[in-house]
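First the proteins, then the strands, lettered A, B, ... as listed; each starts at 1.
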Amino acid sequence: KQEVTQIPAALSVPEGENLVLNCSFTDSAIYNLQWFRQDPGKGLTSLLLIQSSQREQTSGRLNASLDKSSGRSTLYIAASQPGDSATYLCAVSGTASKLTFGTGTRLQVML
Amino acid sequence: NAGVMQNPRHLVRRRGQEARLRCSPVKGHSHVYWYRQLPEEGLKFMVYLQKENIIDESGMPKERFSAEFPKEGPSILRIQQVVRGDSAAYFCASSPQKGARDTEAFFGQGTRLTVV
């Protein structure tokens, strides 16, 4: 059974800092890994999708890496802004086509 | 992601009533997934449907819950005789022909069910 863990559970940083969010998964037989953002009381916004054959994806200030063999992914956020404050979720897709989610990292970027 | 439409956004039901949650996928997407997010917990898979077929319902509670995705119209998640423990946010996601295995999943805004 796939299990996804995200560390840290919560993170508070001053504006402008670069930061790294971590995601680990127990079963390396994944098809893809997706990072999402969730604002309080809102839905999920897809940030980045990494196929299992890829090592990283970039979008603006975001960079996600994937090490499938070790079961790890990181989301790097450069020059953080208060608008980045949200919960970040990592999810992996396996043979069953469904997504298994981590419990998220709650990020607060302070002015 | 704005293309997945869920309604209602908020739903209040008394214990014992039925709840019907609707999801219209992104136009052209034929794969629909339902997930549940209990308070202070992560999202958990419930069911995976294609048009007129349930592909995987391994995350669905055995009783009171059912889902459908008819040939025409939205996907429906139905909860009969709701209890307080059903209070949660229910999210629908859709993906195109190949399914979430190969492509990005797009999520709706969710339906927040409160059972009083």
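- Under a hydrophobic-cluster definition in which Ile, Leu, Val, Met, Phe, Trp and Tyr are linked whenever side-chain heavy atoms come within less than 4.5 Å, directly or via other members, F107(B) and I76(B) are assigned to different clusters.
- To the nearest 0.5 Å, the span separating CG on L99(A) from CZ on F45(B) amounts to 9.5 Å.
- Within the 4.5 angstrom heavy-atom criterion, no atom of Q6(B) approaches chain A.
- The 12-atom threshold is exceeded at CZ of R112(B), counting heavy atoms of other residues, nucleotides or ligands nearer than 6.0 Å.
- Remark: aromatic rings of F101(A) and Y35(B) are close, center separation under 6.0 Å.
- Between the side chain of E41(B) and the main chain of T103(A), no donor-acceptor pair closer than 3.5 Å is present.
- Side-chain contact annotation: S58(B) with K98(A), donor-acceptor N/O pair under 3.5 Å present.
- Under the 4.5 Å side-chain heavy-atom criterion for grouping Ile, Leu, Val, Met, Phe, Trp and Tyr, Y48(B) is not connected to L77(B) through any hydrophobic cluster.
- Interface remark: Q38(A) contributes side-chain atoms only to the contact with chain B (heavy atom separation under 4.5 Å).
- Following chains of ILVMFWY side-chain contacts shorter than 4.5 Å, one cannot reach V32(B) starting from V26(B), and the two form parts of different hydrophobic clusters.
- Across all non-hydrogen atoms, the minimal contact from A105(B) to S46(A) is O-CB, 4.5 Å.
- Under a hydrophobic-cluster definition in which Ile, Leu, Val, Met, Phe, Trp and Tyr are linked whenever side-chain heavy atoms come within less than 4.5 Å, directly or via other members, F106(B) and Y90(B) are assigned to different clusters.
- By the 6.0 Å contact criterion, CD on Q81(B) is open, its count of non-hydrogen atoms from other residues, nucleotides or ligands being 12 or less.
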